[in-house]
Colleague: 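Okay, handing you the structure first.
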2 protein chains.
Amino acid sequence: MGRTAPLAGQNSCRAVSEVLSRVGDKWSVLVIVAVRERPHRFNELKRKVGGISQQMLTSTLKTLERDGLVTRTVMPTTPPQVSYALTDLGRSLSSTLRQLAEWSIDNLATIQESRRQYDEGRPT
Amino acid sequence: MGRTAPLAGQNSCRAVSEVLSRVGDKWSVLVIVAVRERPHRFNELKRKVGGISQQMLTSTLKTLERDGLVTRTVMPTTPPQVSYALTDLGRSLSSTLRQLAEWSIDNLATIQESRRQYDEGRPT
DNA sequence: CCGAATCCTAAGCGATACTG
DNA sequence: CAGTATCGCTTAGGATTCGG
């Protein structure tokens, strides 16, 4: 991958695709946004995200940690507490996602309307 | 459910999540970028995207059309030709994605390095 | 409180063959 | 050329249970 493609064309797409695949799963973005403002503990995140299973929260957090987007800090208390926080990289991604968030909010209704019309025309 | 979170936090995330789920699949972004500059025909897109199966290109295009992101135009020639193009909405999304593309290009290497280190520490 | 392990279902996706 | 149909593998992800 020594390619430093100057154009935002074919090569860069693969990068976006890669990042989107990671972040485009069901929970990653929700978790990122939930943990964004301050460190959170596990069950705190679970409540805040809402609707996520333990399993998925655990694995989502693990993946995010592996990717260097969140940090995991174990507090040696009893019972043990674990604190999750966004890294600089995670915050950077979070900012970038904000643009997409705005687009989504602005256009989600349009998309849903488009779907409805499409489905009407094809009742089969 | 009586929750009407006024913050642009929780609610908007659902919208992003929704859009990301749509666009975060394996091929949508690649197809969007491939069709971006000008209308393309089916097999033209297939070649340009590269590695995509007929099945997936068909269903990806259908979903994008349903969401109002691309148009599908059948030319009544023999053999029939079908032309796909980005809508205004699609172009708008494409622009928004560019930011994410840049972030991806800038940070993909960092992420991959982070993964490598993480995996080293946990050989199991 | 935090998370691992197991089980199970639904969906994503690819390959191939067939149609108009 | 531009799809559709079918098959089967692989993965995502939810529920539940067990352990530290």
Colleague: Any non-hydrogen side-chain atom of B:F42 less than 4.5 Å from a side-chain atom of B:T58?
Modeller: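 When only atoms from C-beta onward are counted, B:T58 and B:F42 do touch, with a gap below 4.5 Å.
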Colleague: For B:S59, what residues pass the side chain to side chain contact (heavy atoms under 4.5 Å, CB included) criterion, not counting sequence neighbours?
Modeller: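 B:S59: side chain to side chain contact (heavy atoms under 4.5 Å, CB included) contacts with B:M56.
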Colleague: Got B:E65 and B:T71 here, is their nearest side-chain heavy-atom distance under 4.5 Å?
Modeller: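 Not touching, per the 4.5 Å side-chain cut-off.
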Colleague: Students should find this one: the first and last nucleotides of DNA chain D, 5' to 3', lying under 4.0 Å from a heavy atom of chain B. What are they?
Modeller: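 Listed 5' to 3', the contact boundaries are D:dC1 to D:dT6.
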Colleague: To the nearest 10°, let me know how far the axis at one end of the helix from C:dC1-D:dG20 to C:dG20-D:dC1 is tilted from the axis at the other, five pairs an end.
Modeller: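 Computed from the C1' atoms at both ends, the axes differ by 30°.
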Colleague: What pairs with A:R22 under salt bridge (charged side-chain N to carboxylate O under 4.0 Å, His left out), at least two apart in sequence or on another chain?
Modeller: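 Per chain and number, A:R22 pairs via salt bridge (charged side-chain N to carboxylate O under 4.0 Å, His left out) with A:D67.
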Colleague: We want to know whether A:T110 and A:N107 form a side-chain donor-acceptor pair, criterion being a heavy-atom distance below 3.5 angstrom.
Modeller: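 Result is no, nothing qualifies.
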Colleague: Would you please name every residue forming a side chain to side chain donor-acceptor pair (under 3.5 Å) with A:S94, sequence neighbours left out?
Modeller: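 For A:S94, the residues satisfying side chain to side chain donor-acceptor pair (under 3.5 Å) (neighbours in sequence not counted) are A:R36.
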Colleague: Partners of B:E44 by salt bridge (charged side-chain N to carboxylate O under 4.0 Å, His left out), sequence neighbours excluded?
Modeller: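 In terms of salt bridge (charged side-chain N to carboxylate O under 4.0 Å, His left out), with neighbours along the sequence ignored, B:E44 is linked to B:R38.
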Colleague: Which residues satisfy the side chain to side chain contact (heavy atoms under 4.5 Å, CB included) test with B:N43, sequence neighbours excluded?
Modeller: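 For B:N43, the residues satisfying side chain to side chain contact (heavy atoms under 4.5 Å, CB included) (neighbours in sequence not counted) are B:K46, B:R47.
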Colleague: Check whether any side-chain heavy atom of A:V49 sits under 4.5 Å from a side-chain heavy atom of A:I52, and report yes or no.
Modeller: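 A:V49 reaches A:I52 side chain to side chain.
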Colleague: Walking along DNA chain C from 5' to 3', note the first and the last nucleotide with an atom under 4.0 Å from a heavy atom of chain A, and give both.
Modeller: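 Range of nucleotides touched by chain A: C:dC1 to C:dT6.
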Colleague: Quick one: side chain to side chain contact (heavy atoms under 4.5 Å, CB included) partners of A:T78, sequence neighbours excluded?
Modeller: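 In terms of side chain to side chain contact (heavy atoms under 4.5 Å, CB included), with neighbours along the sequence ignored, A:T78 is linked to no residue.
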Colleague: Both A:P80 and A:K26 contact DNA chain D. Which one's nearest nucleotide lies toward the 5' end?
Modeller: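 This one resolves to A:K26.
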Colleague: For residues 86-93 of chain B, which side-chain N or O atoms pair as donor and acceptor with protein atoms under 3.5 Å away, sequence neighbours left out?
Modeller:
| residue | atom | partner | partner atom | Å |
| --- | --- | --- | --- | --- |
| B:T87 | OG1 | B:G68 | O | 2.7 |
| B:T87 | OG1 | B:L69 | O | 3.1 |
| B:T87 | OG1 | B:L89 | N | 3.3 |
| B:T87 | OG1 | B:G90 | N | 3.0 |
| B:D88 | OD1 | B:R91 | NH2 | 3.2 |
| B:R91 | NH1 | B:L86 | O | 3.3 |
| B:R91 | NH2 | B:L86 | O | 3.3 |
| B:S92 | OG | A:W103 | NE1 | 2.5 |

Colleague: Which residues satisfy the side chain to side chain contact (heavy atoms under 4.5 Å, CB included) test with B:P39, sequence neighbours excluded?
Modeller: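 So B:P39 forms a side chain to side chain contact (heavy atoms under 4.5 Å, CB included) with B:S83, B:A85.
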Colleague: Can you pull out the residues from residues 55-63 of chain B that lie within a 4.0 Å heavy-atom distance of DNA chain D?
Modeller: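 Here the set is B:Q55, B:T58, B:K62.
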